[in-house]
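What follows is a single structure, written as structure tokens, with notes after it.
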Amino acid sequence: MKRLFLFFTIVFSTLIIVSCSEIREDLPQAPEITLHKSGFSTPGSSDFHGKLIANSNWDMKQCQQCHASNYNGGTAQASCYDCHKLPGGPEACNTCHGDFVNPLKQAPPRALNGAISSSERGVGAHSKHLSDNIMGVAVECTECHTMPNGFSDPIHIDNTLGAEVVFGDFAKLNTNIPSGFSYDASLGDFNPNPSFNFEAGSCSNTYCHGYFKNGNTNNVVLFTAQSEGSACGTCHGDPTTGNPMPKTPAEGGTHPPNANCVTCHLDEVSINGGVYSITDKSKHINGKLNIFGDEETY
Ligand code: HEC
Ligand code: HEC
Ligand code: HEC
Ligand code: HEC
Ligand code: HEC
Ligand code: HEC
């Protein structure tokens, strides 16, 4: 109510100033009066409009009251599109998370709180999974989140803290043995039941990080872990030595004990000075077992 009163006061005083200046052109300039606080349009200011919106659980309905439900001006006659030029205006998917100037980048960094360091929870290993993947295939948002169907989808912004992590099919892949190889029933089936521990910020029981036959099924990985999450030996093999060899019969597994991966997993790995590396990331962590150049789908 106070705001509305202030608004009309501004409108009327402007009208008076305008009509007076038609008569007396030598009057001193009126000081600029604005409805919002002075830092409202200045990123970095504690009164910046983005901060105000964030502090009210990202409610933009309050702005739509004066700036119109489609944000293009309304009674305020100031359009959000003057600065938020992408389709959807301030509802564009890179406005609050991702890169404000790059509509193709909608995932953190930047996080909701502005963080860009991967040691921050809201940033974590997003880039490593989505675009800066070095040792396996890239994954989509849907492998870890249910995508909102537009900004106002009720599943998008809720009253619980932080984003919801809901796993897609990839983390749940049930790996078994490829055709032509013997199957040891005592090892059971591998039905990953992935979970995200919100308190700890960690993932467990995922196909991707070791829940498969002869893999390190107990592996728990922090979203903010840097190289520890992706070092050789963490998902399969020995985490202490970094040897990626999965469990052999001597360790209760079924993997052939011959050590040189290149012999059987062609084109995918290479060895240099005793250290293995992935040469073709499209064949690794891709939901398929790559043996002798064949790609088996489970
Ligand atoms: C004068 C230019 C300008 C206008 C007009 C403008 N914005 Fe913004 N807005 C910005 C800039 C610049 C940023 C990004 C600042 C940054 O990178 O931190 C931003 C960021 C935001 C954010 C993201 C906040 C965050 O912390 O991530 C929201 C939400 C937003 N604006 C909503 C609106 C709405 C709603 C309107 C219209 C009622 C509007 N803006 C009008 C310039 C503007
Ligand atoms: C009570 C009506 C009203 C509400 C509510 C309101 N605005 Fe405004 N807004 C205005 C008016 C009128 C102007 C133009 C005069 C001025 O700059 O104060 C304006 C101007 C602005 C500008 C500056 C535009 C420019 O080109 O520099 C921004 C940014 C802005 N509003 C964002 C917002 C955001 C974000 C919200 C919601 C948090 C919001 N407004 C809520 C009435 C309102
Ligand atoms: C490998 C899994 C994974 C993928 C893929 C992924 N995310 Fe996330 N995302 C997470 C995790 C884990 C969090 C952190 C949850 C927490 O701790 O609050 C998160 C948090 C977020 C947040 C909240 C950030 C914050 O500041 O709190 C947003 C927004 C988000 N993700 C958007 C996306 C979008 C958009 C994509 C696709 C372009 C995507 N994510 C892909 C796992 C993922
Ligand atoms: C005004 C700010 C804002 C805009 C614009 C925005 N988001 Fe979000 N987004 C959030 C916030 C806040 C969260 C985390 C909040 C939560 O889960 O309660 C979030 C979380 C997410 C997540 C993580 C999963 C989840 O729902 O928690 C995804 C994915 C996502 N947004 C996609 C999108 C897409 C797609 C768009 C464009 C249609 C979009 N966002 C536009 C603020 C925004
Ligand atoms: C003699 C051929 C051979 C060599 C050498 C070999 N592998 Fe395998 N690899 C296989 C076969 C066969 C399977 C399928 C085993 C099964 O399902 O029981 C397999 C499966 C795997 C799997 C999936 C998990 C599993 O056991 O089913 C991983 C991971 C793997 N190998 C990694 C390696 C690494 C790392 C090396 C090198 C240190 C290596 N392999 C060397 C033949 C080989
Ligand atoms: C983030 C977890 C993770 C890490 C780290 C990892 N792997 Fe794997 N690796 C997998 C998964 C998942 C499979 C597929 C297992 C399956 O489908 O049964 C796999 C399979 C393999 C295979 C078998 C061929 C194939 O792709 O099907 C080889 C060889 C292999 N990895 C080598 C390595 C080497 C060498 C390193 C270190 C440079 C490494 N891995 C690090 C997750 C990982």
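Order of appearance sets the numbers: ligands from 1, and atoms from 1 within every ligand.
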Query - Distance filter under 4.0 Å to C63 heavy atoms, resulting ligand 2 atoms - result: 34 (C), 35 (C), 36 (C), 37 (C), 38 (C), 39 (C), 41 (C)
Query raised in the report: Is there a nitrogen or oxygen of L35 sitting under 3.5 Å from a nitrogen or oxygen of ligand 2?
Result: yes
Query raised in the report: Is it true that F100 and H84 have ring centroids separated by less than 6.0 Å?
Result: yes
Query - Metal site atom 8 (Fe) of ligand 2: N/O/S of H67 inside 2.8 Å - result: yes
Query raised in the report: Taking N or O atoms only and a 3.5 Å limit, does T263 qualify as a polar contact for ligand 5?
Result: no
Requested in this report: Looking only at protein heavy atoms, identify the closest one to atom 42 (C) of ligand 3 and say how far it is in Å.
Outcome: F223 CZ, 3.5 Å
Query raised in the report: Picking from E251, H255, H236, what satisfies side-chain contact (heavy atoms from CB on, under 4.5 Å) with M245?
Result: H255
Report task. To the nearest 0.5 angstrom, please state how far the OH atom of Y71 sits from the OG atom of S79. Result -> 11.5 Å
Report summary line: For L52, the atoms of ligand 2 under 4.0 Å from one of its heavy atoms are 38 (C)
Requested in this report: May I ask you to list the atoms of ligand 2 that are less than 4.0 angstrom from any heavy atom of C66?
Outcome: 1 (C), 2 (C), 3 (C), 4 (C), 5 (C), 42 (C), 43 (C)
Query raised in the report: Taking it one step at a time, do F223 and N197 satisfy side-chain contact (heavy atoms from CB on, under 4.5 Å)?
Result: CA-CA 10 Å; F223 196 52; N197 179 327; over 6 Å; no
Requested in this report: Check ligand 5 against N214 and write out every atom of the ligand that is under 4.0 Å from a heavy-atom position of the residue.
Outcome: 18 (O), 25 (C), 26 (O), 27 (O)
Query raised in the report: Taking N or O atoms only and a 3.5 Å limit, does Y276 qualify as a polar contact for ligand 5?
Result: no
Requested in this report: Measure the distances from the heavy atoms of A259 to every atom of ligand 5 and state whether one is below 4.0 angstrom.
Outcome: yes
Query raised in the report: Protein N, O or S atoms less than 2.8 Å from atom 8 (Fe) of ligand 3, ignoring waters?
Result: H126 NE2, H145 NE2
Query raised in the report: If Ile, Leu, Val, Met, Phe, Trp and Tyr residues are connected whenever their side-chain heavy atoms lie under 4.5 Å apart, and connections chain through other members, are Y276 and I278 in the same group?
Result: yes
Query raised in the report: Once rounded to 10 degrees, what value does the angle at atom 8 (Fe) of ligand 5 take between NE2 (H265) and NE2 (H255)?
Result: 180°
Query raised in the report: Should Y207 and V139 be regarded as members of a common hydrophobic cluster, given that ILVMFWY residues are connected when their side-chain heavy atoms come within less than 4.5 Å of each other, either directly or indirectly?
Result: yes
Report task. Answer yes or no: are there more than 12 heavy-atom neighbours, outside N149 itself, under 6.0 Å from its atom CG? Result -> no
Query - Numbered atoms of ligand 5 (with element) below 4.0 Å of K213, judged on heavy atoms - result: 16 (C), 17 (O), 18 (O), 24 (C), 25 (C), 26 (O), 27 (O)
Query raised in the report: Which residue holds the protein heavy atom closest to atom 18 (O) of ligand 3, what is that atom called, and what is the gap in Å?
Result: F198 CE1, 3.4 Å
Report summary line: of all protein heavy atoms, closest to atom 26 (O) of ligand 3 is L112 N, 2.8 Å
Query raised in the report: Going by distance only, is there an N or O of H236 that falls short of 3.5 Å from an N or O of ligand 5?
Result: no
**Report entry** Polar contact flag for R121 and ligand 3 (N/O pairs, less than 3.5 Å)
**Finding:** yes
Query raised in the report: Which bit of P246 is near ligand 5, meaning a heavy atom under 4.0 Å away: side chain, backbone, both or neither?
Result: side chain
**Report entry** Residue portion contacting ligand 5 (non-hydrogen atoms closer than 4.0 Å) for P256
**Finding:** side chain
Query raised in the report: Does ligand 5 have a heavy atom under 4.0 Å from the side chain of L289, from its backbone, from both, or from neither?
Result: side chain
Query raised in the report: For ligand 5, which atoms sit closer than 4.0 Å to a heavy atom of N260?
Result: 5 (C)
Donor-acceptor list for residues 162-173 side chains, cut-off 3.5 Å, not counting sequence neighbours:
residue: E164; atom: OE2; partner: T160; partner atom: OG1; Å: 3.0
residue: K172; atom: NZ; partner: F167; partner atom: O; Å: 3.3

Query raised in the report: Between Y81 and H67, is a side-chain contact (heavy atoms from CB on, under 4.5 Å) present by the stated rule, with each step listed?
Result: CA-CA 10 Å; Y81 280 89; H67 291 273; over 6 Å; no
**Report entry** Numbered atoms of ligand 2 (with element) below 4.0 Å of S41, judged on heavy atoms
**Finding:** 23 (C), 27 (O), 29 (C)
Query raised in the report: If you check every N/O/S atom of H36, which is the one nearest atom 8 (Fe) of ligand 2?
Result: NE2
Query raised in the report: When you look for heavy atoms under 4.0 Å from ligand 2, do you find them on the side chain of T75, its backbone, both, or neither?
Result: neither
Query raised in the report: In a check of side-chain contact (heavy atoms from CB on, under 4.5 Å) between T42 and each of S38, S45, S46, which one passes?
Result: S45
